[in-house]
Amino acid sequence: MTFQQAAEAHLDDVYGYLAWFTGDRFAAEELTSVTFERALRLWHRFDPARGSARTWLCQVARTVALDHFRSERRRLRREQLAAPPEAVDFRFAEGLSPDLEAALARLTAGEREVVALRVLLDLDAGSAARILGISPTNCTTRLNRALKKLQEALHVAA
Amino acid sequence: MSQRDLVAELRAARVEAPPQVRERIRLIAAEAPAPPRRFTWRRALVVAVPVAAAVAAAVVLTRPSPHGQTSAVREQRLAHGAATRTRQPGALAVPSTPKRAVVVGESLSLRVTDISGSVKRAVQVAVSLGGYATSVHATTQGAQGSADLTLRVPRAHVQEAVTRLAQLGTITAEQLDVTDRQAGLNATDRLIARLQQQLAALREQHAGAARIAALTARIEALQRSEAATRRSAHYATIRLHLATPAPPVRARHHHGPLHGVGVALRWLGIGAVYALAVGVPVAAVLALLWLAARTLRRRREDALLSRR
């Protein structure tokens, strides 16, 4: 598989993952570009025997996203001294009910990440765990907690 | 809403990248160079393992095992090496100074196959050249044996004697000692002449018979000593040591062609033990450091991702 083929096939997956992970569409668009630029530089390290291109691209995307979160945290600290940040209105995906959108927005970034990987991208526990750097059991536990939290939020909304 | 319905709704959601992102990614992907030929360990091993095996097999099969030869073969080698010396017997040449009183001593060690026959021939050599044997000590036990002979040969024929004796077997050691006694003899001659003048003077003065007798006795003693020195210089002494070859000792173990592999594996095992002794503590420390770093990183990540 060439880089062009991988980029074409998994662009939506990477963008969706970053969008749900960050909860910020504009940031997701920017981070998707950064992810593929970095992936292009690191493409020679990709080994199909060790995992799919989608899993590898998600690993790169996660590194990019974590860098983004770190810089965002520093930026927010500075800005909070001057003025509180504005709330960002964001639609996670087409076809979701407003209640589910609101419930997703209440999840932490880490919880949205595991939902994105396991549910949105439909990755198996092993692949998702490899991206997260944790064990498959831990990954499943995190997913169950996130789904339970979503259920509770939906129940409250109902 | 049940968890199954929740998951079904989430999965039904569609997330598509905006067209501007898609276009940007297309431009990035267009910069991708042609995939280079990828180096993988598997490919490298496919080449390296047969090559290493072939080299190892060639080394093992072609290397002569140092323990695999019997001593008999080594003896043949020694004999072959010694044969070159046999072609030049008595490489230590005796200086040719027939008019000077020179004491020559030659020590010769030979390896022979037949002790008693060699002893007889050595004595015959000495006698045929006008010499004689002063001592013969021979010991035999089965096919093994040794002999020590002291031969006296006229100094004029010592080179020929050594050459003929060397043909009895192969030379294993040779030593030549040459001492010039001519200066001492000349001094003795001068002393005797002076004493004889003194003796003549005493006789003319009609000195006491006791003094004349003492001086005469001293002159005679000096003359005997001089004669003895000349006799010893006339004959060269050849000390001959004869010995049979040591019995071939069979190697205790006949090593097969795979002996090298066994030795290599043994050393690999020793190396592995040392590597384990050093490597395990280092690996344990590294593992602990890695675990600590990973825990710290995860905690930071969890803290980072715990916000909405």
Side-chain angles (χ1 to χ4, degrees), chain A residues 2-8 11-17 19-21 23 25 28-30 32-33 36-37 39-40 43-44 47 49 66 69-70 73 92-97 99-100 104-113 115-116 118-120 122 133-134 144 147-148 150-151 154-155 158, chain B residues 1-47 286-308:
Chain A
T2 63
F3 180 76
Q4 286 93 334
Q5 291 168 336
E8 190 70 31
L11 170 60
D12 289 337
D13 292 332
V14 171
Y15 174 74
Y17 165 63
W20 282 40
F21 193 10
R25 188 182 64 203
E29 289 178 10
E30 184 61 30
T32 303
S33 299
F36 278 97
E37 283 172 4
L40 177 61
W43 183 247
H44 64 278
D47 184 2
L66 287 174
F69 281 128
R70 290 189 191 100
R73 187 173 59 181
F92 284 95
E94 297 293 327
L96 290 182
S97 66
D99 290 343
L100 191 51
L104 275 172
R106 285 194 194 96
L107 295 180
T108 65
E111 289 164 342
R112 281 199 306 272
E113 181 186 25
V115 173
R118 291 296 312 277
V119 180
L120 185 69
D122 202 16
I134 57 176
N144 289 332
L147 291 175
K148 197 172 179 182
L150 271 179
Q151 269 185 305
L154 286 171
H155 182 68
Chain B
M1 185 185 280
S2 68
Q3 198 173 84
R4 184 177 296 177
D5 294 338
L6 175 63
V7 170
E9 187 177 350
L10 288 170
R11 280 198 176 137
R14 286 182 295 107
V15 182
E16 286 184 1
Q20 68 272 16
V21 175
R22 194 173 294 281
E23 184 59 31
R24 213 183 303 164
I25 300 307
R26 199 167 286 144
L27 289 173
I28 292 170
E31 295 174 11
R37 191 171 175 80
R38 193 183 293 275
F39 172 83
T40 61
W41 286 110
R42 193 178 297 171
R43 284 181 187 168
L45 282 175
V46 165
V47 177
L286 288 176
L288 283 173
L289 286 174
W290 178 76
L291 280 173
R294 195 182 70 161
T295 306
L296 192 65
R297 180 177 56 82
R298 281 188 182 174
R299 282 188 182 173
R300 283 179 178 170
E301 274 184 21
D302 288 344
L304 192 67
L305 302 180
S306 62
R307 69 180 184 86
R308 289 177 183 173

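Values reported hereafter were calculated over all heavy atoms of this structure, with side chains retained and with hydrogens, waters and symmetry mates removed. Quantities reported herein were computed from a predicted structural model and do not represent experimental measurements. Labels below follow one simple rule: chain letters A, B, ... track the order of the sequence lines, proteins then strands, and each chain is numbered from 1.
- Remark: Leu304(B) CG to Arg70(A) CZ distance equals 6.0 Å, nearest 0.5 Å.
- Using a 4.5 Å cut-off between heavy atoms, Arg294(B) makes no contact with chain A at all.
- Proximity to chain A is limited to the side chain of Arg24(B), based on heavy atoms less than 4.5 angstrom apart.
- Here CZ of Arg22(B) is found 5.0 Å from CG of Leu11(A). Values are rounded to the nearest 0.5 Å.
- Residue Asp5(B): no heavy atom, backbone or side chain, is found under 4.5 Å from chain A.
- Contact of Asp13(A) with chain B is not made at all, since no heavy-atom distance falls under 4.5 Å.
- Using a 4.5 Å cut-off on side-chain heavy atoms (C-beta onward), Leu66(A) and Leu305(B) make contact.
- Using a 4.5 Å cut-off between heavy atoms, Leu154(A) touches chain B through its side chain atoms alone.
- Residue contact with chain B, scored on non-hydrogen atoms closer than 4.5 Å, involves the backbone of Arg118(A) exclusively.
- Contacts between Leu100(A) and chain B at a heavy-atom distance below 4.5 Å involve the side chain alone, from C-beta outward.
- Atom CZ of Arg300(B) sits in a sparse spot, with 12 or fewer heavy atoms from other residues, nucleotides or ligands closer than 6.0 Å.
- Glu9(B) contributes a side-chain N or O that, together with a main-chain N or O of Ser97(A), makes up a donor-acceptor pair within less than 3.5 Å.
- Within the 3.5 Å criterion, the main-chain N or O of Ala17(B) finds a donor-acceptor partner in the side chain of Asp12(A).
- Only the side chain of Val115(A) comes within less than 4.5 Å of a heavy atom in chain B; its backbone stays farther off.
- Taking each heavy atom of Ser306(B) and Thr108(A) in turn, the nearest pair found is O-CG2, 2.9 Å.
- Closest heavy-atom contact between Ile28(B) and Phe36(A): CG2-O, 3.8 Å.
- The shortest side-chain heavy-atom distance between Ile134(A) and Arg298(B) falls under the 4.5 Å cut-off.
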Next on the checklist: If you apply the rule side-chain contact (heavy atoms from CB on, under 4.5 Å), what do you find for Leu10(B) with Leu120(A), and how did you get there?
Outcome noted: CA-CA 7 Å; Leu10(B) 288 170; Leu120(A) 185 69; over 6 Å; no

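- Residue contact with chain B, scored on non-hydrogen atoms closer than 4.5 Å, involves the side chain of Glu113(A) exclusively.
- In terms of non-hydrogen atom pairs under 4.5 Å with chain B, the most contact-rich of Gly16(A), Ser33(A), Ala6(A) is Ser33(A).
- Residue Tyr17(A): no heavy atom, backbone or side chain, is found under 4.5 Å from chain B.
- Under the 4.5 Å side-chain criterion, counting only non-hydrogen atoms from C-beta, Glu8(A) is in contact with Arg26(B).
- Contact detail for Ala7(A) and Ile25(B): the closest heavy-atom pair is CB-CG2, 4.0 Å.
- Without hydrogens or angle criteria, Glu29(A) side chain to Val21(B) main chain gives no donor-acceptor distance under 3.5 Å.
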